[in-house]
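Numbering of ligands and ligand atoms starts at 1, following listing order.
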Amino acid sequence: MNKNVEFAINQQINKEEFSSRLYLAMAIWCESNGYPGAANFLYKHAEEERIHMLKLVHYVADRGGQAELLPIDQPEQKYESLLDVFDKILNHEIFITESINSLYEVTMNEREYTTANFLQWYITEQVEEESLFSTILDKIKLVGADKAGMFHIDKELEGMAAAMVVAGI
Ligand code: OFO
């Protein structure tokens, strides 16, 4: 496997692993701050990020490369509110999208078209994730300090977590 591409994928593996840990930290905060639905949704999302990481790990192995586990940063563990949590998630996903785009650029520069093709899945996934999190964030902003509205959003997130279980995520 092309060494520059392998290096860049290993950086992405690290970011996906960090994403999983970040959403786990957020789920823990939600669970102990009265948002059980958001917690379940984020526990599931942490698992999903782990799947994103493993998909890259297996791809590197399949192409005869060597996946490497790099040190992961400690995620923030204290949040001000549910709004703060989802605001940070959206910003993080935008950062991940930029990172996937840079990785795609490396594959293009190295003429690694097979890997570029493989990365299409991540490009599509990022569009879906940014849209999902921005919709949730808009709803949280809309209800503001209204407790009944916030309760309703938490229930909705619980439903989304249950749908992820049904979908086998
Ligand atoms: Fe939430 O994103 Fe991975 O890729």
#### Entry: Nearby protein N/O/S atoms (those under 2.8 Å) for atom 3 (Fe) of ligand 1, with water ignored
Glu16 OE1, Glu49 OE1, His52 ND1

### Message
Counting only heavy atoms not in Arg50 (residues, nucleotides, ligands), do more than 12 fall under 6.0 Å from its CZ?
### Response
no

For residues 150-162, dump all side-chain donor-acceptor pairs below 3.5 Å to protein atoms at least two apart in sequence or in another chain.
residue : atom : partner : partner atom : Å
Asp154  : OD1  : Gly37   : N            : 3.2
Asp154  : OD1  : Ala38   : N            : 2.8
Asp154  : OD2  : Gly37   : N            : 2.9
Glu156  : OE2  : Lys139  : NZ           : 2.4
Glu158  : OE1  : Asn40   : ND2          : 3.3
Glu158  : OE2  : Asn40   : ND2          : 3.0

### Those residues that, when tested against Tyr43, pass side chain to side chain donor-acceptor pair (under 3.5 Å) (two or more places apart)
Glu31

### Query
Could you give all pairs that pass the side chain to side chain donor-acceptor pair (under 3.5 Å) test and reach residues 5-14, with sequence neighbours left out?
Lys3-Glu6, Gln12-Glu16, Gln12-Ser99

### Worked verdict on Lys88 versus Glu80 for salt bridge (Lys or Arg N to Asp or Glu O under 4.0 Å)
CA-CA 11 Å; Lys88 284 179 174 146; Glu80 284 165 24; 5.6 Å; no

### Query
Angle class for the His52/Tyr122 ring planes (parallel below 30°, perpendicular above 60°, tilted otherwise)?
perpendicular

